[in-house]
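These numbers come from the heavy atoms of this one structure, side chains and all, not from hydrogens, waters or symmetry mates. Within every chain, numbering begins at 1; the chains are lettered A, B, ... in the order of the sequence lines, protein sequences first and strands thereafter.
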Amino acid sequence: MEERVRQLFRVLFEHYGPQKWWPGKSRLEIIVGAILTQNTAWKNVERAIENLRNAGFLPSSDDEDALYYARKFLRAGEEVIRELIKPAGFFNQKSRYLLNFMEFFVEAGGFEGLERLDTDTLRKRLLSLRGIGHETADSILLYAFGKPIFVVDAYTRRVFLRHGLPANGYEEVRLLVENSFRDKEEGERVKIFNEFHALLVRVGKDYCKKKNPLCARCPLSTLL
DNA sequence: CTCCAGGGGGCCA
DNA sequence: TGGCCCCATGGA
């Protein structure tokens, strides 16, 4: 089973190459994007992020102080944020989710404070926030904090199901992938999980839509 | 017109 | 846990 997981990764990486995820100019922007992209096309998230940037709510790089921008969210309030993120949909919920996170972020002392926590504690703190479920929490851990956590999404489940791997329980799937690379160094696993998730999204978009299960042209078809 | 996208919460059994 | 409904915009 674990060998099959490693095969999936190998074939995808050899076919597509590095995906350069997560797109974003700063860690705070990555987190904002992770919340905005919930059940939403990335194209629409880009518009919302562009609106936020033009309004001065996002750092232009990690050299800037993320706490300054988080406080700016809190000062602005729901109404302002809601209008800016409208293109990303679900704006009534997501504006609250963003402010929820920013409040948590400021109280925790920003990245500096959160980095003092061990990964398991940080994961639990994130999951306790309204609007941050398993996938969003793990996306933040992997792409904004560089933790060796694999992100399970709908595409992962479709591909795994098609290839006879467990695809139901979130934790079951996540731990299967993480265990499949446990012999690697932590830094190497971060790179692998980063690419693996992005590659699964890529192959899913190309060949594994909801109404279009994997067709014969899928690069993974050779493994079936 | 319908379907769906880089989900999550609430409710129910 | 597992199923269902709601949330909302914009592209295909």
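Taking Phe90(A) as the reference, nothing meets the ring-ring contact (aromatic ring centres under 6.0 Å, His included) condition, with sequence neighbours excluded. The side-chain contact (heavy atoms from CB on, under 4.5 Å) check on Glu83(A) picks up Lys86(A), with sequence neighbours excluded. Considering only residues two or more places apart in sequence or on other chains, Asn179(A) meets the side-chain contact (heavy atoms from CB on, under 4.5 Å) condition with Glu2(A), Leu175(A), Arg182(A). Listed by chain and number, the residues in a side-chain contact (heavy atoms from CB on, under 4.5 Å) with Thr121(A) are Leu117(A), Asp118(A), Arg125(A) (sequence neighbours excluded).
Stacking annotation: Tyr97(A) is not stacked on the base of dG7(B) (requires ring centroids less than 5.5 angstrom apart and an interplanar angle below 30 degrees).
With both pairing distances under 3.5 Å, dG6(B) is matched to nothing as a Watson-Crick or G-U wobble pair.
Between Lys124(A) and Asp120(A), at least one side-chain N (NZ, or NE/NH1/NH2) sits under 4.0 Å from a carboxylate O, which counts as a salt bridge. Between Glu79(A) and Arg82(A) there is a salt bridge, since a side-chain N of the basic residue sits under 4.0 Å from a carboxylate O of the acidic one. Arg53(A) and Glu29(A) are joined by a salt bridge, as a carboxylate oxygen and a charged side-chain nitrogen come within less than 4.0 angstrom of each other. Between Arg27(A) and Glu115(A) there is a salt bridge, since at least one side-chain N of the basic residue sits less than 4.0 Å from a carboxylate O of the acidic one. Ion pairing of Arg174(A) with Glu178(A) is present here, as a side-chain N (NZ or NE/NH1/NH2) and a carboxylate O approach within less than 4.0 Å.
Counting any heavy atom pair closer than 4.0 Å across all strands shown, Phe90(A) reaches a base atom.
Checking dA5(B), dT9(C), dG9(B) against the side-chain heavy atoms of Arg158(A) singles out dA5(B) as nearest.
For the C1' atoms, the distance linking dG6(B) with dC4(C) amounts to 23 Å, nearest Å. With P as the reference atom, dA8(C) and dG10(B) are 14 Å apart, rounded to whole Å.
Mapped onto DNA chain C by nearest heavy atom, Lys86(A) and Asn168(A) fall at different nucleotides, with Asn168(A) at the one closer to the 5' end.
Scanning residues 31-39 of chain A for heavy-atom distances under 4.0 Å to DNA chain B yields Thr37(A), Gln38(A), Asn39(A). Using a 4.0 Å cutoff on non-hydrogen atoms, the parts of residues 135-153 of chain A near DNA chain B are Glu135(A), Thr136(A), ordered by number.
For the pair Tyr170(A) OH and dG3(C) C1', the computed distance is 20 Å after rounding to whole Å. In this structure, Phe91(A) places its CZ atom 19 Å from P of dG7(B), rounding to the nearest Å. The nearest whole Å value for the distance from the CD atom in Glu46(A) to the P atom in dG10(C) is 14 Å. As rounded to whole Å, 14 Å separates atom P of dG8(B) from atom CG of Leu98(A). Rounded to an integer number of Å, the gap from Leu129(A) CG to dG8(B) C1' is 13 Å. Atom CZ of Arg130(A) is separated from atom P of dC7(C) by 16 Å (rounded to the nearest Å).
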